[in-house]
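The basis for the numbers below is simple: all heavy atoms, side chains too, and nothing from hydrogens, waters or symmetry mates. Counting from 1, the numbers follow the sequence of the chain as shown.
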Amino acid sequence: MRRRKTAVAAACCLALLLGTLLNVLFVPGSELPPPPPPPRDGAPPSPPGAPLEPPEEEGGGGRAALARQLRERYEEVLRYRQPRAAGARRAVRPRERRLMDLAPARTSAEQQPRGRAAAERGRASAELGLEPPPLGCRELRAAGGVQYLGSGYTKAVYKAVLNRSLAVALKAVDFGGHDVARCVRQFAALADCYRLAAYKIVKEMVLLQRLRHANVLQLYGYCYQDSNDIPDTLTAITELGSPLEMIQLLQTSWEDRFRICLSLVRLLHYLAHSPLGSVTLLDFRPRQFVIVDGELKVTDLDDASIEESSCTSNSDCFMEFPARNFTLPCSVEGRCQNMNEKRNLYNAYRFFFTYLLPHSAPPSLRPLLDKIVNATGELHWGIDETAAQLERVLNLYKSGEYLQNTTRISKSEYRRVPEAFIPDENYRCWPSYHHKGCLLSVFDVNEAIEICDSYSQCKAFVLTNQTTWTGRQLVFFKAASNHIMPDPDKITYVKVTD
């Protein structure tokens with residue numbers, strides 16, 4: 001009896017498995033659509049690649065919903081390509097979530113004749129046409145040293161070397177990523193799901209060209225080539241940066257951490273007053289940024305938005321964060337005042353300022369830095385005031401004015417030894433520019449003496465000819481001076497009395 005029950009259960013499971021397999025194999029719309037027909041004689045040329053073509057609506061609930069999403073994504077890219085009219089503002093619904101998290105609309109799609117879509121392809125080429133890329137498919141085909149760096153919801157990122165000298169980042173749609181996988185599960189149309197994801201790369205490329213700033217990653221070029229049985233898959237070629245590792249940043253000098261915060265504030269100030277209007281980063285996390293030559297740069301713009309939230313009362317202007325909520329005023333024009341700017345600023349506070357700004361800062365600068373952190377954490381300041389205050393900190397630090405109110409009477413005497421260096425006798429201090437020694441930056445010799453006096457291990461220090469990004473001099477602090485060697489580029493100070 002037990003064997004019979006087991007056999008019946010096994011037969012039921014097998015039937016269920018076969019039924020599921022047949023449903024997957026013969027689901028409507030699972031086949032890739034045929035390639036687009038060649039342009040008619042005299043018709044405008046098609047844009048370079050399927051992701052740039054305006055989508056065509058199709059009948060059927062699932063495919064119509066996918067076509068509607070394609071159309072919305074395409075029109076979004078068009079909005080970023082078109083110059084912003086002076087004083088023009090669009091009132092739209094609040095957008096607190098990222099595009100990839102928005103569920104597809106359930107309403108029926110508007111039908112569009114196929115002929116209209118074909119006629120629009122030429123216009124799309126002009127509307128979406130990016131500037132001629134300095135780097136393209138020829139350089140990409142000759143790329144060397146390709147390495148996988150990581151992936152997110154939509155894109156996979158690789159490192160490559162072009163022209164045997166230039167290290168770049170390559171961004172392409174991740175076929176195994178969240179966006180494509182979710183779309184294929186829902187619509188069973190790989191080619192169209194690829195196009196939907198590729199629009200986000202196109203949007204990012206357009207924004208990288210329109211938002212020219214020192215703290216926005218550079219777009220070097222792009223390439224369309226066949227991949228995964230899909231014609232014209234898109235690869236963006238951008239500047240390469242180092243991932244932002246917060247734990248490592250906390251171990252660096254305050255000067256470098258301050259530079260990260262200053263870079264971020266300069267970026268947010270530009271985004272608040274950009275040619276497109278006020279730009280907000282809906283997905284604001286440290287992983288959306290990289291470091292290039294010590295400067296912070298935003299690398300991920302596919303979830304940026306210029307849409308401004310409409311409102312009828314202050315309660316419509318509600319911003320919710322994990323640890324704090326804010327309600328902004330609703331203007332008489334029916335818009336939430338400075339919501340894009342304030343969202344960026346509070347995210348900068350909670351992800352960057354609170355960790356990087358005050359710790360191990362020069363004591364005389366800490367009151368001003370605490371004021372900046374508190375004001376941004378409460379959103380008492382906008383980005384203009386925040387940027388002005390951080391620039392003030394920079395000027396105080398570079399000019400040495402922050403040292404004027406400190407007592408600078410040396411406890412010890414030092415003997416100056418020109419053109420000399422102490423190769424060994426290191427001790428560790430925190431934070432240091434050198435992991436095996438104590439290498440700090442100083443404004444002048446007097447500050448170096450003050451630092452050496454503050455360390456019981458310090459018996460000498462060596463002025464180098466190296467400077468930091470602020471122009472401050474790098475100094476090695478030493479635990480002894482038993483072995484001094486000649487070096488024309490350095491000056492050694494030896495402590496003679498304690």
Side-chain angles (χ1 to χ4, degrees), residues 167 242 245 247-260 262-263 291-296 356 359-366 393-498:
S242 303
E245 301 290 347
I247 295 179
Q248 293 181 6
L249 273 180
L250 291 173
Q251 300 174 30
T252 61
S253 68
W254 175 83
E255 187 174 345
D256 285 347
R257 286 185 276 117
F258 173 73
R259 186 181 188 182
I260 297 297
L262 182 64
S263 300
I291 299 177
V292 180
D293 296 329
E295 287 280 332
L296 185 78
L356 303 181
H359 308 299
S360 71
S364 59
L365 289 177
R366 286 176 192 168
V393 173
L394 175 63
N395 291 333
L396 291 172
Y397 190 65
K398 290 178 65 175
S399 65
E401 292 183 35
Y402 73 100
L403 297 169
Q404 291 181 357
N405 296 327
T406 61
T407 303
R408 308 189 69 182
I409 301 176
S410 176
K411 304 174 184 177
S412 309
E413 292 185 9
Y414 290 81
R415 176 169 57 90
R416 184 177 184 272
V417 184
E419 298 184 354
F421 177 62
I422 302 174
D424 301 313
E425 311 296 351
N426 291 314
Y427 68 90
R428 294 182 180 183
C429 65
W430 185 87
S432 171
Y433 286 93
H434 194 281
H435 67 283
K436 291 186 178 180
C438 186
L439 179 64
L440 304 175
S441 72
V442 300
F443 174 72
D444 57 14
V445 174
N446 290 329
E447 186 178 11
I449 291 174
E450 185 177 348
I451 292 174
C452 190
D453 285 345
S454 67
Y455 284 98
S456 59
Q457 309 99 305
C458 184
K459 303 301 179 183
F461 60 86
V462 180
L463 300 181
T464 73
N465 59 355
Q466 296 176 298
T467 58
T468 65
W469 65 278
T470 59
R472 291 164 58 90
Q473 196 167 12
L474 287 175
V475 177
F476 272 109
F477 293 88
K478 301 290 184 173
S481 58
N482 299 325
H483 183 50
I484 299 179
M485 296 184 62
D487 190 322
D489 297 323
K490 296 178 178 62
I491 301 174
T492 295
Y493 285 79
V494 178
K495 185 183 293 187
V496 295
T497 61
D498 287 327

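Counting heavy atoms from C-beta on, the side chains of Tyr414 and Val445 never come closer than 4.5 Å. Two residues are said to be in side-chain contact when any heavy atoms from C-beta on lie closer than 4.5 Å; Val475 and Leu440 fail this criterion. Side-chain contact between Ser360 and Arg257 is present, with heavy atoms from C-beta onward closer than 4.5 Å.
With Thr492 contributing its side chain and Val462 its backbone, the two residues share no donor-acceptor pair below 3.5 Å.
Residues in residues 475-490 take part in these side chain to side chain donor-acceptor pair (under 3.5 Å) pairs, two or more places apart or across chains: Asn426-Lys478, Asp487-Lys490. Sorted by first and then second residue, the salt bridge (charged side-chain N to carboxylate O under 4.0 Å, His left out) pairs with a member in residues 426-442 form an empty list; sequence neighbours excluded.
With sequence neighbours excluded, the residues satisfying side-chain contact (heavy atoms from CB on, under 4.5 Å) with Thr470 are Glu255, Leu394, Tyr397, Lys398, Thr468, Arg472. Ser242 meets the side-chain contact (heavy atoms from CB on, under 4.5 Å) test with no other residue; sequence neighbours excluded. Every residue meeting the side-chain contact (heavy atoms from CB on, under 4.5 Å) condition with Gln466, not counting sequence neighbours, appears here in chain and number order: Thr464, Leu474. Applying the side-chain contact (heavy atoms from CB on, under 4.5 Å) test to Ala479 and every residue at least two apart in sequence or in another chain returns Tyr427. By the salt bridge (charged side-chain N to carboxylate O under 4.0 Å, His left out) test, Glu425 pairs with no residue at all, sequence neighbours left out. With sequence neighbours left out, His434 forms a ring pair (Phe, Tyr, Trp, His ring centres under 6.0 Å) with Phe476.
Summarising the geometry, atom CG belonging to Leu356 is positioned 11.0 Å from atom CG belonging to Asp256; distances are rounded to the nearest 0.5 Å. Here the CZ atom belonging to Arg259 is positioned 9.5 Å from the CD1 atom belonging to Ile291, to the nearest 0.5 angstrom. The distance from atom SG of Cys429 to atom OH of Tyr455, rounded to the nearest 0.5 Å, is 4.0 Å. Distance OG/Ser263 to CZ/Phe258: 9.5 Å, rounded to 0.5 Å. Rounded to the nearest 0.5 Å, atoms CH2 (Trp469) and CG (Asp293) are 14.0 Å apart. Rounded to the nearest 0.5 Å, atoms CG (Leu396) and CG (Leu403) are 10.0 Å apart.
Residue Phe461 comes nearest to Cys452 through the heavy atom pair CD2-CB, 4.0 Å, listed as atom of the first residue, atom of the second, then distance. Of all heavy-atom pairs spanning Ser454 and Ile451, the tightest one is OG-O, 2.5 Å. Among all heavy-atom pairs drawn from Tyr433 and Ser441, the shortest one is CE1-N, 4.1 Å. The nearest pair of heavy atoms linking Gln251 to Pro431 is O-CB, 4.2 Å. Minimum heavy-atom separation, Phe477 to Cys458: CD2-SG, 3.8 Å.
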Listed pairs under 3.5 Å, donor-acceptor, residues 415-422 side chains, sequence neighbours left out:
unit_1 : atom_1 : unit_2 : atom_2 : d
Arg416 : NE     : Tyr493 : OH     : 3.3

